[in-house]
Amino acid sequence: MYNEKVLDHFNNPRNVGESERKDGVGQMQSPACGDTTFIYLDVEEGLIKDIKFKTFGCAAAIASSSVLTEMAKGLTLEEAKKITNAQLVDALGGLPELKIHCSVLAADALHAAIADYESKHQA
Ligand code: FES
């Protein structure tokens, strides 16, 4: 059902846990299944210096969160806002149709974490 890249990210997830400062935290629950993802950001001078995740969900949700952290690390917040779930699916080499919503969960949690950071750091 899952390709090797998805299984690799599921079996060896990157950047699991919480970042040191948690400057921005995003929590998202999938309306489709109830699974939940947390994204933690440490931001310095507009750049994502560290990003970690915790996903209480299926293999596709864990793999999507893992690949998301690899993609977002080092980006500016503006660049990270443009990450879409379709890009996560591409980076994973595809997901089964029934599992596309799991990638939405990861992307939405990232966007929520950025919004949280920005709400706390308005000029
Ligand atoms: Fe819930 Fe995948 S089935 S996130």
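What you see is a predicted model, and the numbers here were worked out from it, not measured in a lab. Order of listing sets the numbers, starting from 1, for every ligand and every atom in it. We use all heavy atoms of the structure for the numbers below, so side chains are in, but hydrogens, waters and symmetry mates are not. Position 1 is the first residue of the sequence, and the numbers go up from there.
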Legend entry - Backbone or side-chain N/O/S of C58 under 2.8 Å of atom 2 (Fe) of ligand 1: yes
Legend entry - Metal check, atom 2 (Fe) of ligand 1 vs C102 N/O/S, cut-off below 2.8 Å: yes
Legend entry - Contact atoms of ligand 1, heavy-atom distance to A61 under 4.0 Å: 4 (S)
Inset, instruction - Any atoms of ligand 1 less than 4.0 Å from a non-hydrogen atom of K99? List them with their elements. - result: 3 (S)
Legend entry - Shortest-distance N/O/S atom, D35 versus atom 1 (Fe) of ligand 1: OD2
Legend entry - V43 side chain near K49 side chain, heavy-atom distance below 4.5 Å: no
Residues [X], [Y]: salt bridge by 4.0 Å N-O rule:
X	Y	result
K52	E18	no
K81	E118	yes
K73	D50	yes

Legend entry - Closest non-hydrogen atom pair, V89 against I100: CG2-CD1, 4.1 Å
Legend entry - Short N/O/S contact of C33 with atom 1 (Fe) of ligand 1 (below 2.8 Å): yes
